[in-house]
J.: 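Quick one: structure below, then a few questions.
Note: hydrogens, waters and symmetry copies are ignored here, and every other heavy atom, side chains too, is used.
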Amino acid sequence: MLDNGFPLATESNILKELIKPPTILRTVVNTITGSTNVGDQLPTGQLSVVPWRRTGVKYTNNEAYFDVIEEIDAIIDKSGSTITAEIQGVIDACVKLTGMPDLTLSFMNPRLLDDVSFHPCVRFKRWESERILSFIPPDGNFRLLSYHVSAQNLVAIPVYVKHNISFRDSSSLGRFEITVGPKQTMGKTVEGVMVTSQMPKGVLNMTLTPSQGTHIFDPVTKLLSWDVGKINPQKLPSLKGSMTLQAGTSKPDENPTINLQFKIQQLAISGLKVNRLDMYGEKYKPFKGIKYMTKAGKFQVRT
Amino acid sequence: MGFFFPMVWYRHDDLKEMLDSNKDSLKLEAMKRIVAMIARGKNASDLFPAVVKNVACKNIEVKKLVYVYLVRYAEEQQDLALLSISTFQRGLKDPNQLIRASALRVLSSIRVPIIVPIMMLAIKEAASDMSPYVRKTAAHAIPKLYSLDSDQKDQLIEVIEKLLADKTTLVAGSVVMAFEEVCPERIDLIHKNYRKLCNLLIDVEEWGQVVIINMLTRYARTQFLSPNQNESLLEESAEKAFYGSEDEDAKDAKAEAASLAKRKPYVMDPDHRLLLRNTKPLLQSRNAAVVMAVAQLYFHLAPKAEVGVIAKALVRLLRSHSEVQYVVLQNVATMSIKRRGMFEPYLKSFYIRSTDPTQIKILKLEVLTNLANETNISTILREFQTYIRSMDKDFVAATIQAIGRCATNIGKVRDTCLNGLVQLLSNRDELVVAESVVVIKKLLQMQPAQHSEIIKHMAKLTDNIQVPMARASILWLIGEYCEHVPKIAPDVLRKMAKSFTNEEDIVKLQVINLAAKLYLTNSKQSKLLTQYVLNLAKYDQNYDIRDRARFIRQLIVPTEKSGALNKYAKKLFLAQKPAPILESSFKDRDHFQLGSLSHLLNTKAVGYQELPDWPDEAPDPSVRNVEVPEWTKCTSREKRKEKVEKPFYSDSEGESGPTESADSEPESVSEESGSSSSSSSSSSGSEEEDEDEEEGSGDLSEEEEEEEGAKKAKKKKAPQGRKGHAETSSEEASASESSSSGSDYGSETEAKQRKAVRAGASRSPIPPWHPPHRSLGPSQLLSPAFGAVRTYELLHRMAGEGLSVEYCFSRRPFPGDPHMVAVQIQISNNTDAEVKSLRVSEPKPLSGMRIQEFPEIERLAPGDTVSVVMGIDFCDSTQAANFQLCTHTRHFYVSIQPPVGELMAPVFMSENEFKKEQGKLMGMSEITEKVTLPEKCRSDHAIVQQVTSAANVGRVPCGADNEYRFAAKTVTSGSLVLITLERREGAAAQLIVNSEKMVIGTMLVKDIVQALAQ
């Protein structure tokens, strides 16, 4: 919400107080009763000392979930060696706790975190002195922390891509072959693998056969995407075939880069581990949960 | 439905009906539809009366929508909008703080000039509201009112001053925002709040943090010394040792050693340190704007060794959206030029991904190039090799240029780069080839002797390369360095002559060029070839080529008719050409404050606040002390004594003690001034003193403020009788004032007079003591054109107790400091006693302003007059310079405000120079105004006279007789001010002012127009 161009309220908790986010139930109720999503209470949250948390929160089930999500940004060169790799992580939280809980979250290995940025609710002093996250959480979903594990640390790359893409000068045909396989995955399966590649303009069409999953080549945008799914280490997924090039033009002098998407559940690739979560200030016992996940961020393989 | 336009009219009727109904749900529905219409850009203004009626509606949802409507249409229907005002006024008194706040918010958003006084009152009231939220809203309302009516500035500044003293985090951000909008130049308001702002900073909401940090950056630049001054000096000398010649060096070294020794060892001001320490944690903010703000603060303020901390945070921002990336990378690019070491560890974070948008790629490339040094160049070049094969051709071209820059910066890899670029010449893409030829050309120009091999190779390439630009570049190279390839050059010419008719125009021109050069160096082999080429060119279809051929033939082929130029042909064609400099486009960007829009655009944006340079001498750090500093104490005590002496409802005075009299409530001001005017012995323009005191007391410590509050309460409780007494006394005073209005010399009237003088209403004749004086310095500054010199009053005879002071701008360069404006001051003693030790004391210049006082005048006999010169550096602004004029008994607060025309000194330039400079100052720096010249002001003489009297400018000779040109340079920054006055038929004329300083330009236009109108 802006006032004369100056941001007045950007905290989602306050905005939700002003206009309730639409839900199916509310839409149904609104059409029957004729009311709207505009909040009919005054937004008192703006006045409190903790502007990010609305007052008078009540839940029957008190629960706090934390997702540690890490993304690997990497550039892999032609020969498969890593040019640059870094890990960007976030801790997303979904906290539904009654009253004004005061939480502390501690890590097994906080030194791993090279660079952090916090939600304003986190007390910076405690982090500086004890490496503990101490905060009064906003209500609902929010991003508690984002962090960076620097390129200096060696980053384990969980997948590899074998590729053989070649254009021949003489004929208007090219060869295309990609294989994806797991590398250092700590025994976890790699899921949701998706390969996309922007082909050069000279490529007219591709005739490919995948060993698993589905693939699409859009001849207009020249975008090849291959939805692989899970990687089975016994039978590595591959995509083979040939490309039809525009006749008469010379071969493209660049090879396409391959962008990779994947997901690994139950693993934080940097090795970050949450030690414990404590709650002060309220009497009840909340249900606590934590989940780890590793994803590919901007993961690029040059060919 | 929207297709049936006529329907809209009917629907408006039904909307009116719905709005008039009793049901809230119908009203709500109607309002929703109206607001939707506004959102789609349809006109809903004819519903205004029907909507405004509902402003008093109980339903909060309807009310909100009515507010939205009001804010949109109030400006168009001002009369009707007034109907709603009373509702807001009621809302301002509501017990609920949120209602009070939103009433003020909407009231201040209604842009109707009539309600300005109501808004002003509401803002003033809200500024002292109990609830910090309402005070915050008051701060938000200030810039809105200011944009509606800028005459309210002074009153608004008072409110800002009050709000700045607020100690809640909620208010801090908003009031600083108001401060930046309304009075960014009043940096003196910050002094007392500086430490508080630093300490509150971390708890202020994010957007407020951004504003505060930017403001504090500017503040710190004016108040602290540069933390890097010693280092920069050392660095400079090191650099000179590299490039300078030896004996020069020795001199420099000595001089520098001397200046180093002179300089005191640098100790950082604790307040400076406080700022750096308190902003550092904000680098961890989740808000990119905050991180960027802190980063620019560190870059501009921190000692070199500490700037490094921001690199990590900036690299983190690179992960966010491409818009944020773009801004961050621009700033990183600028920083990386100055502080390369800072980003070196993060080199790999700037590697380019094929999925990045092109602008981002090019910026990353820029950063990588800036970071390249001897140790990492091989990795960077390897990276560049991959980029060259990218599909994005613009990016490839940029990469080739980047390679060129690396090669020029790092001598070690020049050959490698050259070889790499030569290989690129066989690329199939035109753009790549052309770009690499151009870059190779630049590289070769630096050391052609060593690279005849490459020139030979390029000569061979002419058979294959078809890109015209590249062919032309190669031919130029061969022609330029034909001595290095004496055998190949004629051969290339032979080949080109064969294919001449089929070449592109640009290539043909270069073939002619090559032929001419060869003819001059090696006429034996190439004479016939050249003539053949020239003959071909003579009949070319393109007239440009025909012209060139004719021109060159005349120049190089000696005939009996050929002119004098023939002798110099060799010099003309084979002159040494300077090697082009390959440097970053971000090189000089850091004179803009980083993170600002102006930096992003690399031009000055509207509203940009220039980041001042560090002062040479630190201003007094004690101004930030929150306790009452020693000097105010004593001076105010002195005054207190004086005041105690005055007959001033004496009984209450005795009780309340000195603190009360020092305090200056608005009510008491009128009382005091009244009393002082009644007692003639001490009628010393005390209002001015009071003003100054007000400033002082505004800066008082918390306890004093609390006292003030307590006192207010006391006053309210005070018995009615006394109040009545005070009122009557003030009334009396005003009566006495009005009775003596013929000779009323309060400072207020003086200010009015001064204003009038500036407006030119009353002009004094040339002062007799002013001898015309020519001094042509070594600079191009002209001695000023003498028109009428106006004198202004500094201190009137009555206000000064017989001492009268006048000043004028002598328009002579101030000796000792060319950046100062010379102010001639004439002091006459009209009393019958001697005045001793006249001097200037306690100048309180605004940021950057400097005052060079005149030497103390020992004694001034009764009836005597003396004139002295003082210098003031106004920093190219028309802000008044305030100082005290002291005698052995009295202090007078005075201020000198320069008319804009006095802030410059004339320069001499020729007509051509003038035109050239004017060409550089187009667009935003040009201000045009139409003028109608009055009857008596149409002669040349009169016009020149009027313009030179309005501004200190020099006339520039001009060919046309209906045009007048003047030029000047501003005194402080030396930026050019060019004035052109063009007469049209009759009385019409057009005035054009070109100046980098747009403010000065606009004010100057106003002044000149006014001067001409007389």
J.: Select one option (side chain, backbone, both, neither) describing which atoms of B/Ala313 are under 4.5 Å from chain A's heavy atoms.
T.: backbone

J.: Given a strict heavy-atom distance threshold of 4.5 Å, which part of B/Met391 is in contact with chain A: side chain, backbone, both, or neither?
T.: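 Both the backbone and the side chain of B/Met391 come within 4.5 Å of chain A.
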
J.: Compare every heavy atom of B/Ser285 with every heavy atom of A/Ser117, then report the nearest pair and how far apart it is.
T.: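 Minimum heavy-atom contact is CB-O, 3.5 Å.
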
J.: Would you check if the side chain of B/Gln284 reaches a backbone N or O of A/Phe118 as a donor-acceptor pair within less than 3.5 Å?
T.: no

J.: Can B/Arg316 and A/Asp115 be counted as an ion pair, charged N to O under 4.0 angstrom?
T.: yes

J.: Let me know if A/Glu71 has heavy atoms under 4.5 Å from chain B in its side chain, its backbone, both or neither.
T.: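 For A/Glu71, the contact with chain B is made by the side chain alone.
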
J.: At a 4.5 Å cut-off on heavy atoms, which part of B/Glu29 comes close to chain A: side chain, backbone, both, or neither?
T.: neither

J.: Suppose we screen for ring-ring contact (aromatic ring centres under 6.0 Å, His included). Which residues come up paired with B/Tyr67, at least two apart in sequence or across chains?
T.: B/Phe88

J.: Please state whether the side chain, the backbone, both or neither of A/Leu145 comes within less than 4.5 Å of a heavy atom of chain B.
T.: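 Neither part.
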
J.: B/Arg319 versus A/His148: any side-chain heavy-atom pair under 4.5 Å?
T.: no

J.: Name the region of B/Val210, side chain, backbone, both or neither, that has any atom closer than 4.5 Å to a heavy atom of chain A.
T.: neither

J.: Pick one of side chain, backbone, both or neither for B/Thr355, based on which atoms fall under 4.5 Å of a heavy atom in chain A.
T.: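 Both backbone and side chain of B/Thr355 come within 4.5 Å of chain A.
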
J.: Taking heavy atoms only and a threshold strictly under 4.5 Å, list by residue number the residues of residues 294-303 of chain A that touch chain B; give 'none' if the list is empty.
T.: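 Result: A/Lys298, A/Gln300, A/Arg302, A/Thr303.
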
J.: For B/Phe395, what residues pass the ring-ring contact (aromatic ring centres under 6.0 Å, His included) criterion, not counting sequence neighbours?
T.: B/Tyr387

J.: Check whether B/Thr169 gets within reach of chain A through its side chain, its backbone, both or neither, counting any heavy atom under 4.5 Å.
T.: neither

J.: Using heavy-atom distances under 4.5 Å, tell me whether B/Ile352 contacts chain A through its side chain, its backbone, both, or neither.
T.: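 The backbone, not the side chain.
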
J.: For the residue pair A/Ser146 and B/Arg286, establish whether any side-chain heavy-atom pair is separated by less than 4.5 Å.
T.: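 Sidechains of B/Arg286 and A/Ser146: no contact.
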
J.: Give a yes or no on this: more than 12 heavy atoms of other residues, nucleotides or ligands lie within 6.0 Å of atom NZ of B/Lys144.
T.: yes

J.: Using a cut-off of under 4.5 Å for heavy-atom pairs, which of A/Asn259, A/Ile83, A/Asp77, A/Val122 has the most such pairs with chain B?
T.: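 Winner by heavy-atom pair count: A/Ile83.
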
J.: What pairs with A/Phe6 under ring-ring contact (aromatic ring centres under 6.0 Å, His included), at least two apart in sequence or on another chain?
T.: B/His140

J.: As an exercise, state the distance from OH of B/Tyr351 to CD1 of A/Ile75, rounded to the nearest 0.5 Å.
T.: 8.5 Å

J.: Checking A/Lys78 against chain B: side chain, backbone, both or neither under 4.5 Å from a heavy atom?
T.: side chain

J.: Kindly give the heavy-atom pair with the smallest separation between B/Arg353 and A/Ala74, and that separation in Å.
T.: NH2-N, 3.5 Å

